[in-house]
Amino acid sequence: MKLYYSPVACSLADHIALREAGFTFDLERVDLKTHRTETGRDFREISAKAYVPVLVMDDGDIITENVAVLDWIATTGPTLTVEGALGRTRVLEALTFITTEIHHAFKPMWHGGSVDERENASAKITTLFNHLGPSLKGDYLFGDRPSVADFYLFVMLLWAERFEVITPEPLQALRARMLARPAVRAAMVYEGLLLEGGAST
Ligand SMILES: N[C@@H](CCC(=O)N[C@@H](CS)C(=O)NCC(=O)O)C(=O)O
């Protein structure tokens, strides 16, 4: 299978999840401005939606939308499931909050919002993070193992750092724990976000 990604985009969550789950997969970078992939293909021929992540399965089936891709990885790879009758529901609940509320709130930062819009967005994102801060059930959102929701949250925390958004202490600690994970580091090195030895690029 192949993941189409763009460095530091939300597809980093899927990239980390595939590595954490131990899948064998290929990666192809997409330039979101030109719509060209690194092999020169027009990305819109692969997905007319023209955004990442896109996961192309070996049989040619294509999954788009981050929540769907992450849910597929979590339910197919055995190490990422969250126990309990409501385990999957809780993960979907967190993923939906992250994508519709937190990710969406970053729009002014990525898409040239005015100073006022960015300041308002920053305050709103801090409030949204504060909803998640107290709800950690251990080192991660649902206990002592990370879930796919932690991977998506981690990307949002990287974005928060980049745009100097204030985050609550428990989520700063979660970000540090994630950064210590070999699969996370490998994904970040691959995407050019970390140097091999560990320093940020
Ligand atoms: N609804 C999509 C949105 C994904 C999305 O926003 N992807 C961004 C990168 S984080 C993208 O590829 N944007 C393309 C563009 O802005 O042209 C999902 O949840 O997967």
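As the structure is a computational prediction, the values presented were derived from the model and not from experiment. Whatever order the structure lists them in is the order used to number ligands and atoms, beginning at 1.
- Rounding to the nearest 0.5 angstrom, the gap separating the CG atom in Asn66 from the CD1 atom in Ile98 is 9.5 Å.
- Contact analysis puts Pro53 in contact with ligand 1, with a non-hydrogen atom separation below 4.0 angstrom.
- Although no hydrogens or angles enter the test, the distance criterion places a donor-acceptor pair under 3.5 Å between the side chain of Arg145 and the main chain of Thr81.
- Applying the 4.0 Å criterion to heavy atoms of Ala9 picks out, from ligand 1, the atoms 9 (C), 10 (S).
- The protein heavy atom nearest to atom 13 (N) of ligand 1 is Tyr51 CB, 3.8 Å.
- Within the 4.0 Å heavy-atom shell around ligand 1 one does not find Lys49.
- For atom 16 (O) of ligand 1, the nearest non-hydrogen atom of the protein is His111 CE1, 3.9 Å.
- With ligand atoms numbered from 1 in the order given, ligand 1 contributes 18 (C), 19 (O), 20 (O) to contacts under 4.0 Å with heavy atoms of Asn66.
- The CZ atom of Arg90 sits 13.5 Å away from atom CG of Leu95, with the distance rounded to the nearest 0.5 Å.
- Taking atom 18 (C) of ligand 1 as the reference point, the nearest protein heavy-atom neighbour is Glu65 OE1, 3.2 Å.
- A salt bridge does not link Glu28 with Arg41: every distance from a Lys NZ or Arg NE/NH1/NH2 to an Asp or Glu carboxylate oxygen is 4.0 Å or more.
- No side-chain donor-acceptor contact under 3.5 Å links Tyr4 and Thr37.
- A donor atom on one side chain and an acceptor atom on the other are not found under 3.5 Å apart for Asn130 and Thr127.
- Of all protein heavy atoms, the one lying nearest to atom 10 (S) of ligand 1 is Cys10 SG, 2.8 Å.
- Around atom 4 (C) of ligand 1, the closest heavy atom drawn from Val30, Val8, Val52 belongs to Val52.
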